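Down below is the structure, laid out as structure tokens.
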Amino acid sequence: MTESSPYDILFEPVQIGPVTAKNRFYQVPHCNGMGYRDPSAQAAMRRIKAEGGWSVVNTEQVEIHPTSDIAPFIELRIWDDQDLPHLARIADAIHEGGALAGIELAHNGMNAPNLYSREIPLGPMHLPVAPDTIAPIQARAMTKRDIADLRRWHRNAVQRSIDIGYDLVYVYAAHGYSGLHHFLSPRYNQRTDEYGGSLANRMRLLREVLEDTLEIADGKAAIACRIAVEGEYGPNGVHREDIQGVLTELGELPDLWDFAMGSWEEDSLTSRFGPEGSQEEHVAGLKALTSKPVVGVGRFTSPDAMVRQIRKGILDLIGAARPSIADPFLPNKIRDRQLESIRECIGCNICVTGDQTMSIIRCTQNPSMGEEYRRGWHPERIKPKTSDARIAVIGAGPAGLEAARALGVRGYDVNLLEAGRELGGRVTLESKLPGLSAWNRVRDYRVLAIEAMPNVEVFRESPVSAEDVLEFGFEHVLVATGSTWRTDGVGRFHTTPIPVDGIEILSPSDILAGTLPAGQRVVVYDDDYYYMGGVIAEALRAAGKDVSIVTPSAQVSQWTMHTFEVGKIQRRLIEAGIVRHTDHAVVSAQPGEVTIASVYTEQHTRLEADALVMVTARLPKDELFTQLESHIGDSDLLTVRGIGDAWAPGTIAAAVWSGRRAAEEFEVDLKPNDDVQFRREVTALDPIWPGVTLQSTGAAK
Ligand code: ADP
Ligand code: SF4
């Protein structure tokens, strides 16, 4: 950057104890479902963040000991020296990318069910493990010896982290995932010894661990403390006064304060439930209590909002997990004033579902996320074209837009043909539903990119038939025609149609197209379990209908437990006056009523209704693909591929990924599909076998 820019302030260096962050962009620790299982995939992902301009790139939480095992979730471990090569590879990769490497050391305390290690969980008190699991396991109240052990384990982990090159080491006391947070919190800590009761006592362990960490680090690495500023699962949690007290007492101990919420759920609000910068009210004013730099998050994607946080003295460093996932090159794009090319996070929390389902991270906006090592994808670069082929992409939803964009970047000539006037497909339609307006960013980023490419031509209001394709002589076609919601009730519960007669039946496709039920009383049937059932119910209620929602599941939109929304959705439905009938399936509908049955007893209940909205499953619009496929060999057509929902209905993230995959694989010699199509790491075998006496067989040592 040569001339001065309003964003210059974001590129000022920040001293963090013994190290210097080159700018104010700070990738806070974030989980990714890769952890100890996929260390090289993680290293490649973090390296790309560093390459994209983040001054500090952190790992996710790293369990310091087998008593801190949060299986089945897959994070990193620093239990002993065996774990160090993985962690060293990540640190090295971050350094190669040009950033400082941070490691978030964690002892999960009473949040660790220790399902893998089978150790007894450790907490301030005798309590069931919490908050992330309901396993029938109790934590044991830590003795003084346990406390001494914990401090030693942390010191060992700090030493190991520094030995393998980390520049910044965390003391973690947030999100309800850390024993230090549990000790701080009156909800979990009602001890009567010097570690419980007053705030001074509750923060004693935090102080001790901070002092230990400083002593071991001895100026060789910076010390960050991540602390819960507000909010917690349930009553009596950590409050503002507690945090003010901690900062007044311990404010000068670490080199950096990282402010987080008391639960990950509150820290990573989706855009449906919170705007950009929603943590500000909890964080504002805390910086004044320490001379050390502070970092916080807020799904920041707008450089103006970032500058405001700095100028108002709320934060020194702009923390980001999700914005750095959606666009690892966010800092460099702001530096280079390429604001229009920023891929803004849409706040959908699909990234969180990777971790929550113990699978590799994925992102709606950034299909290369998690695929950097596995498939060699990069968020900004893609291999150049290998021929002068011209490709027709039919359908401009998320799959078609991403395919056209990525093929365009490869340099191919692309014709993008869309039946409608508007681009964006389901994203354009769904973003009109309550709370989903930010989802439009999936379309906007891609449309802006395509508009700047002379080799990608967009044809609106161009419904394409198989005859059209053959007539135009297209040689390569991607069919991205999407899907339609079914109206016959087939989904998860019923796999054959439900008997319905004499009642208005609608699907989300109708409602998205602007049709409202004619009558007043509407039953929504959610057998889909993701967001659509709940959000359609909300939309109908907002349109003045009397709405009830029926689901065979225990909660409406059950799968949104993985996006941290399920509880908020129930609350919103209840507050809107929508009646929920959970554990029930719709079994039939007739004039004036819908019959539902308990999924456990099959007992029937009749609901008075004028209309039934089926939110059950979708059918791919794949006729065009099927017709075209039959013409390969008897026309100019050489290849045809179905992508996105037209191939198999799924998430928007899956559609974008599918479009990207088609673009990446175009004219590439792929391995036969008998082979695994991506790189992976397989656990290394212990060179000593059997290594122990197998007592049951009497095998030799
Ligand atoms: P996906 O999520 O797979 O991208 P969408 O349903 O969001 O699917 O988008 C599909 C898009 O394809 C819609 O915009 C739709 O108007 C368009 N489309 C469907 N059939 C045709 C067709 N025959 N010709 C051109 N466009 C089509
Ligand atoms: Fe943002 Fe969604 Fe990507 Fe997560 S998955 S980073 S919330 S766009």
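Both ligands and their constituent atoms are indexed starting at 1 by order of listing. The model shown is predicted, which means the values in this text are computed figures rather than measured ones. The residues of the chain are indexed from 1 along the displayed sequence.
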Mind running side chain to side chain donor-acceptor pair (under 3.5 Å) on E230 and Q279 for me, showing each step along the way?
CA-CA 9 Å; E230 192 87 59; Q279 281 94 332; over 6 Å; no
Expected output: side-chain D327 to main-chain G52 donor-acceptor under 3.5 Å
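No.
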In terms of residue, atom name and distance, what is the protein heavy atom nearest to [atom]?
| atom | result |
| --- | --- |
| atom 4 (O) of ligand 1 | A399 N, 2.8 Å |
| atom 12 (O) of ligand 1 | G395 CA, 3.1 Å |
| atom 9 (O) of ligand 1 | G397 CA, 3.4 Å |
| atom 8 (O) of ligand 1 | G482 CA, 3.2 Å |
| atom 10 (C) of ligand 1 | A480 O, 3.3 Å |
| atom 1 (P) of ligand 1 | D645 OD2, 3.6 Å |
| atom 21 (C) of ligand 1 | T481 CG2, 3.4 Å |
| atom 17 (C) of ligand 1 | E418 OE1, 3.2 Å |

Between [X] and ligand 1, does any nitrogen or oxygen pair lie at a separation below 3.5 Å?
| X | result |
| --- | --- |
| A419 | yes |
| K621 | no |
| P398 | yes |
| V464 | yes |
| P463 | no |

Part of [X] within contact of ligand 1 (heavy atoms, under 4.0 Å):
| X | result |
| --- | --- |
| L417 | backbone |
| S465 | neither |
| S658 | neither |

Measuring from atom 7 (O) of ligand 1, which candidate in R426, R421, E402 has the nearest non-hydrogen atom?
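Result: the heavy atom closest to atom 7 (O) of ligand 1 is in R426.
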Quick one: give me the number of protein N/O/S atoms under 2.8 Å from atom 4 (Fe) of ligand 2.
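Protein heteroatoms (N, O, S) closer than 2.8 Å to atom 4 (Fe) of ligand 2 number 1.
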Answer yes or no: is there a side-chain heavy-atom contact under 4.5 Å between W54 and L330?
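A side-chain contact under 4.5 Å exists here.
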Sub-6.0 Å ring centroid separation between F329 and H378
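Centroid separation for F329 and H378: below 6.0 Å.
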Looking at [X], which atoms of ligand 1 are within less than 4.0 Å of one of its heavy atoms?
| X | value |
| --- | --- |
| G644 | 3 (O) |
| I394 | 22 (C), 24 (N), 25 (C) |
| S462 | 24 (N), 25 (C) |

Not counting sequence neighbours, list each pair that qualifies as a salt bridge (charged side-chain N to carboxylate O under 4.0 Å, His left out) and has a residue in [range].
| range | result |
| --- | --- |
| residues 476-487 | R486-D488 |
| residues 450-474 | none |
| residues 631-641 | R641-E665 |

Any idea how F666 and Y412 line up, ring-wise: parallel (<30°), tilted (30 to 60°), or perpendicular (>60°)?
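Answer is perpendicular, since the angle exceeds 60°.
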Students often mix this up, so state it plainly: with edges at 30° and 60°, are the rings of W559 and H562 parallel, tilted or perpendicular?
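Correct class here is perpendicular.
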W657 ring centre to R362 NZ or CZ under 6.0 Å, with the angle to the axis within 45°?
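No; the conditions do not both hold, so R362 does not lie above the ring face of W657.
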Answer yes if the side chains of [X] and [Y] hold a donor-acceptor pair under 3.5 Å, and no otherwise.
| X | Y | answer |
| --- | --- | --- |
| Y373 | D38 | no |
| T563 | E565 | yes |
| R374 | Q677 | no |

Looking at F472, I'd like to know if its CZ atom is crowded, meaning that more than 12 non-hydrogen atoms belonging to other residues, nucleotides or ligands lie closer than 6.0 Å.
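Counting neighbours around CZ of F472, 12 or fewer heavy atoms of other residues, nucleotides or ligands fall under 6.0 Å, so no.
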Starting at CD1 of I90, measure out to CG of N58 and round the result to the nearest 0.5 Å.
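Here the interatomic distance stands at 11.5 Å.
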Tell me, with the steps shown, if R410 and E667 meet salt bridge (Lys or Arg N to Asp or Glu O under 4.0 Å).
CA-CA 11 Å; R410 288 193 65 187; E667 295 192 324; 5.9 Å; no
